[in-house]
Undergrad: 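This is the structure, below, for whatever I ask next.
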Amino acid sequence: MLKTENISLVFNYGTQDENTALKNISLTINTGDFVTVIGSNGAGKTSLYNIIAGTYKPTSGQIFLKEKDITRMPEYKRARYIGRIYQNPLSGTAGKMSVEDNMVICHRKGYKGLGISLNNTLRAYFRERLAELDMGLENRLQDNVELLSGGQRQALTLLMAVLSEPDILLLDEHTAALDPRNAEIVMNLTRRFAERYGLTVMMITHNMSQAIEYGNRLLMMDSGEIIFDINEEEKKKLSIDEIVKRFRTLKKKELVNDELLLNL
Ligand SMILES: Nc1ncnc2c1ncn2[C@@H]1O[C@H](COP(=O)(O)OP(=O)(O)OP(=O)(O)O)[C@@H](O)[C@H]1O
Ligand SMILES: [Mg+2]
């Protein structure tokens with residue numbers, strides 16, 4: 001379970017450029033939840049992830065993971081418990097390293113720091129796991145990751161995140177940079193892995209259909225706040241039109257262009 005209590009994040013505090021990215025966010029994510037997160041550009045979605053992952057420390061407030069206060073825990077330590085996948089397929093893996101060497105690193109993370117060296121048993125295990133992606137990567141263990149396509153690379157990043165057995169997985173528009181076919185493949189894998197391994201997931205998306213279709217809860221952010229939080233029952237009945245209507249009613253400032261939110 002992840003819990004934030006009155007989290008605020010203010011950039012350039014006390015200067016002309018002061019900017020409040022998060023305002024008093026109190027949020028509980030239950031184990032096994034798959035939460036989709038939507039909101040226009042600059043709403044604070046990535047900032048919330050930065051606070052959860054420890055990239056930034058909050059200006060005020062606390063954050064708890066499984067009841068433990070991790071507010072001051074540095075990012076590199078949290079990375080053992082909190083997985084994160086970014087939009088850019090290049091950022092989740094080391095391009096100059098082979099597929100298997102990338103996987104060893106994550107596998108070690110799953111064992112929370114115990115040294116594991118690459119041997120044939122582990123190779124066979126990796127091959128088996130890679131086969132689940134259905135992309136032929138089980139035959140490319142020794143290839144450098146930079147040789148893979150964006151979709152293959154993002155699928156590998158997803159698999160590696162799963163292997164490291166995170167308490168929560170943060171997906172930040174992780175299919176937005178892929179072509180539609182690969183985006184769909186990676187989204188299907190996301191759902192399959194989440195179900196099979198009972199992952200706790202937060203997924204930021206600008207795609208309203210995805211936000212409705214995936215997960216058991218939906219959050220909408222605007223101007224650093226969570227302006228609505230919809231549970232599974234309500235979400236099942238929700239339409240894109242309804243989301244847009246609610247957003248128009250609840251948002252704090254006029255957007256220059258509502259289309260920023262609406263990638264249907
Ligand atoms: N390092 C930083 N320094 C100053 N301001 C920042 C920094 N990072 C984010 N911000 C500001 O915080 C606010 C929230 O940004 P954030 O990146 O969280 O938005 P977002 O919801 O992820 O938007 P997008 O959909 O465009 O990715 C914005 O006003 C942004 O300019
Ligand atoms: Mg963002």
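Order of appearance sets the numbers: ligands from 1, and atoms from 1 within every ligand.
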Undergrad: With distance as the sole criterion, is a donor-acceptor pair present between the side chains of T71 and D69 under 3.5 Å?
TA: yes
Undergrad: Take atom OH in Y197; do more than 12 heavy atoms of anything else shown fall under 6.0 Å from it?
TA: yes
Undergrad: For ligand 1, is Y56 a contact, meaning one of its heavy atoms is under 4.0 Å away?
TA: yes
Undergrad: Report the C-alpha distance between E213 and R191 in whole Å, list the side-chain angles of each, state the deciding distance to 0.1 Å, and finish with yes or no for salt bridge (Lys or Arg N to Asp or Glu O under 4.0 Å).
TA: CA-CA 10 Å; E213 196 190 322; R191 174 159 30 208; 3.0 Å; yes
Undergrad: As an exercise, identify every atom of ligand 1 less than 4.0 angstrom from a heavy atom of A21.
TA: 12 (O), 13 (C)
Undergrad: How far is atom 15 (O) of ligand 1 from its nearest protein heavy atom, and which residue and atom is that?
TA: S47 OG, 3.7 Å
Undergrad: Please work out, at 4.0 Å between heavy atoms, whether the side chain, the backbone, both, or neither of N19 comes within that distance of ligand 1.
TA: side chain
Undergrad: Which of these, L159, V99, L130, sits in a side chain to side chain contact (heavy atoms under 4.5 Å, CB included) with L137?
TA: L130
Undergrad: One residue to check: H206. Relative to ligand 1, which of side chain, backbone, both or neither has a non-hydrogen atom less than 4.0 Å away?
TA: side chain
Undergrad: As a test of understanding, state which of N30, N231, T36, D229 forms a side chain to side chain donor-acceptor pair (under 3.5 Å) with R217.
TA: D229
Undergrad: Write out the residue and atom name of the closest protein heavy atom to atom 17 (O) of ligand 1, then the distance separating them to 0.1 Å.
TA: T46 CB, 3.7 Å
Undergrad: Check the side chains of Q142 and S98 for a donor-acceptor pair under 3.5 angstrom, ignoring hydrogens and angles.
TA: no
Undergrad: Sort by chain and number the protein N/O/S atoms found under 2.8 Å from the Mg ion (ligand 2).
TA: T46 OG1
Undergrad: Could you measure the distance from the CD1 atom of I51 to the CG atom of L9? Nearest 0.5 Å is fine.
TA: 4.5 Å
Undergrad: From the options V37, N41, L22, T20, select the one whose nearest heavy atom is closest to atom 26 (O) of ligand 1.
TA: N41
Undergrad: Once the angle between the rings of Y214 and F34 is folded into 0 to 90°, is it parallel (under 30°), tilted (30 to 60°) or perpendicular (over 60°)?
TA: tilted
Undergrad: Tell me, yes or no, whether the heavy-atom count around E18 atom CD, taken from other residues, nucleotides or ligands under 6.0 Å, exceeds 12.
TA: yes
Undergrad: Give me the residue, atom name and distance of the protein heavy atom closest to atom 21 (O) of ligand 1.
TA: K45 NZ, 2.7 Å
Undergrad: Does the side chain of N88 pick up a donor-acceptor pair with the side chain of R153 at under 3.5 Å?
TA: no
Undergrad: Please indicate whether any nitrogen or oxygen in G42 is less than 3.5 Å from any nitrogen or oxygen in ligand 1.
TA: yes
Undergrad: Could you list which atoms of ligand 1 come closer than 4.0 Å to a heavy atom of G44?
TA: 14 (C), 18 (O), 19 (O), 20 (P), 21 (O)
Undergrad: Side chains of T190 and H174: is there a donor and an acceptor less than 3.5 Å apart?
TA: yes
Undergrad: For atom 4 (C) of ligand 1, what is the nearest protein heavy atom, given as residue, atom name and distance?
TA: F11 CG, 3.3 Å
Undergrad: Starting from atom 27 (O) of ligand 1, what is the nearest protein heavy atom, named by residue and atom, and what distance separates them?
TA: E173 OE2, 3.8 Å
Undergrad: What are the two closest non-hydrogen atoms of G44 and L22, and how far apart are they?
TA: O-CD2, 3.4 Å
